[in-house]
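Working notes, structure below.
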Amino acid sequence: MILGCLPVSGQDSILEPLCFPEQPAEDSSAPSLQRPSTELLVCLFCSESVPLLQKDVLLKHLLLDHKLVIADVKLIADLPKYMLYWKGRFLEQPVTDFCSVIKTNSTGPVEKQEDYFLLCDILPEDRILREKLQQKRLEEVLEQQQRERDDSSFHRLCMFCSEEFMGNRSSLLNHMAREHSFSIGLPDNIVYCNEFLDALQSKLDNLQCLYCEKTFRDKTTLKDHMRKKAHRRINAKNHEYDCFYVINYLELGKTWEEVQSEDDRELVEDEDDDWSDWQAHPVSAVCLFCDHHSDTMDQIYTHMKCIYSPHTHPALLHLPSDLRFYQQIKLVNFIRRQIHQSRCYGCQETFDSRAEVLRHIMAEGHVMKLPETSTWDQPQYFFPTYENDTLLCTLSDSDEDQSEDTNHGEDVPVIAEDISNLRELKQTSVLNQLLKNRSSCS
């Protein structure tokens, strides 16, 4: 989906960087956030079972009927699988082989003493199980997040102005942050976005403030309250939102505040970092003129040479030319913008479609026809027309730019800020030279 383009007749209608269409995901059936009501928790010792939403009922049953306590239940990533694993282990070996025994009323009569069992991650087997479940959940969440990034079928109305958004979810999230000062975070930090927005919309439909969570009598009163109190944000202490942020899945037993503080400390460069297992994402390069995609830049240049050569300007085919590095960037962005707007970059004639302008460029031989340098060598073309334009990353940064910059600076005197000889400064200053020249002319 290409974003950021509004049709304005006769004007440059690109308001923000566009985005090349991503390759379709292999699995288009993206799963939604699992609803716990569909899963069952089984007792570790008997046939008792309850829905996951009623986990407290089963935990109470384990405590009262079987004298067993599971430590830190809230940190277990997949409680149903955890319970099934230990149910099987307890059938193989006695519970005392795995659990710490806690004796109650140890100073009282023997007949009133009871043994309780604590299952916790002090046991290496339990710790390994919890870590595996956490890793599996993290992999599922990251896969889901990637599907949402690649999904171009997103379709939703803004919660505040009812403007319609189609394409990538980032268009709606950025709109709400920019136009309504309502930010739930960067799109790449969010997972299960549709469910997240459903939860927020449900609160608004129930006339509930998203921040203080108070209920109001009508929508007008609610909107005024959120605007005047600056409550156009979510309540960070409401943990029902935790499942929608990737950071909460990163490490077993740590809150997002702890993970964030560790990330900040690790910003210091570590020269011993091992990058051997790093894998780059495959390149998805797009032809400068048409919609042809290739996995490598070499394939793109081969395509451009075969289809458009010998008409193509050498600078556009990665061949040696007299264009400096930043001029190449501006030229590519200029041509991208013109073709996106169905306009021939050579003669500035406008057509009804992109296909028509490409036929015109080929038929009239305008692939080679570049306008005057002043037309495209403008600061506005420093900014990419397409924010994911791989072609820009492959332009050659020749040493000629550096040598040219150096030559320009050879005749310019450089004076240290802490120079102590003020007389020398006055004698060599530009102002002094100008005054001398003026005196000689008069």
Side-chain angles (χ1 to χ4, degrees), residues 27 29-45 48-63 66 68-91 95 98-100 117-149 184-185 188-196 198-199 234 236-263 266 277:
D27 182 12
S29 57
S32 61
L33 184 62
Q34 292 184 354
R35 295 304 178 189
S37 58
T38 62
E39 298 184 78
L40 290 178
L41 288 178
V42 296
C43 176
L44 304 182
F45 303 98
E48 183 79 14
S49 65
V50 299
L52 182 55
L53 281 176
Q54 300 177 21
K55 66 179 181 180
D56 290 340
V57 175
L58 186 63
L59 295 176
K60 182 179 179 180
H61 163 76
L62 287 171
L63 175 64
H66 303 290
L68 181 120
V69 177
I70 301 176
D72 296 320
V73 174
K74 66 180 183 301
L75 300 181
I76 300 175
D78 194 331
L79 188 57
K81 289 182 179 178
Y82 178 88
M83 302 289 276
L84 284 174
Y85 176 87
W86 282 117
K87 185 178 181 68
R89 293 294 282 136
F90 290 163
L91 291 175
V95 65
F98 306 102
C99 298
S100 302
F117 306 99
L118 176 64
L119 182 60
C120 64
D121 59 1
I122 295 178
L123 179 70
E125 186 175 352
D126 186 89
R127 178 70 181 181
I128 292 173
L129 174 61
R130 293 179 185 230
E131 290 177 347
K132 285 183 178 179
L133 293 176
Q134 177 74 17
Q135 182 64 29
K136 179 64 175 176
R137 176 58 55 85
L138 177 60
E139 291 173 0
E140 293 172 352
V141 166
L142 293 178
E143 289 175 2
Q144 171 66 18
Q145 185 194 41
Q146 188 60 48
R147 281 191 289 265
E148 292 182 15
R149 286 175 175 174
I184 57 177
D188 282 348
N189 294 337
I190 294 173
V191 68
Y192 305 113
C193 184
N194 274 317
E195 287 84 351
F196 194 6
D198 286 342
I234 64 172
K237 295 182 180 180
N238 187 338
H239 294 293
E240 71 178 70
Y241 300 133
D242 289 353
C243 59
F244 302 114
Y245 290 91
V246 175
I247 195 171
N248 291 301
Y249 297 92
L250 292 182
E251 191 166 349
L252 177 64
K254 290 191 176 180
T255 63
W256 67 268
E257 293 97 336
E258 292 173 316
V259 174
Q260 185 66 52
S261 63
E262 288 186 0
D263 289 343
E266 289 173 0
D277 60 346

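- For the pair Q145 and I190, the tightest heavy-atom approach, listed with the atom from each and the gap, is CG-O, 3.9 Å.
- Scanning for side chain to side chain contact (heavy atoms under 4.5 Å, CB included) contacts around N194 gives F154, R156, with sequence neighbours left out.
- Rounding to the nearest 0.5 Å gives a distance of 8.5 Å between CZ of R149 and CG of L142.
- When the side chain to side chain donor-acceptor pair (under 3.5 Å) test is applied to H66, the partners found at least two apart in sequence or on another chain are H61.
- Using a 4.5 Å cut-off on side-chain heavy atoms (C-beta onward), C43 and L62 make contact.
- Taking CG of L58 as the reference point, atom CG of L44 lies at 7.5 Å (rounded to 0.5 Å).
- Partners of I122 by side chain to side chain contact (heavy atoms under 4.5 Å, CB included), not counting sequence neighbours, listed by chain and number: C120.
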Listing, residues 48-57 side-chain donor-acceptor contacts under 3.5 Å, not counting sequence neighbours, or none:
none

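- Between the side chains of Q144 and E148, at least one donor N or O lies within less than 3.5 Å of an accepting N or O.
- Take V69 and apply the side chain to side chain contact (heavy atoms under 4.5 Å, CB included) test, not counting sequence neighbours, and it matches L63, L118.
- The line from CD of Q146 to CD of E143 is 10.0 Å long, rounded to the nearest 0.5 Å.
- For F117, there are no ring pair (Phe, Tyr, Trp, His ring centres under 6.0 Å) partners two or more places apart in sequence or in a different chain.
- Within the structure, salt bridge (Lys or Arg N to Asp or Glu O under 4.0 Å) pairs that include any residue of residues 79-89 comprise D78-K81, R89-E92, R89-E125 (at least two apart or interchain).
- Between Y82 and W86, the angle of the ring planes goes over 60°, which puts this pair in the perpendicular group of the 30/60° scheme.
- A distance of 8.5 Å separates OH in Y249 from CG in D242, rounded to the nearest 0.5 Å.
- Partners of K136 under the side chain to side chain contact (heavy atoms under 4.5 Å, CB included) rule, at least two apart in sequence or in another chain, are E139, E140.
- When the ring pair (Phe, Tyr, Trp, His ring centres under 6.0 Å) test is applied to Y245, the partners found at least two apart in sequence or on another chain are F196.
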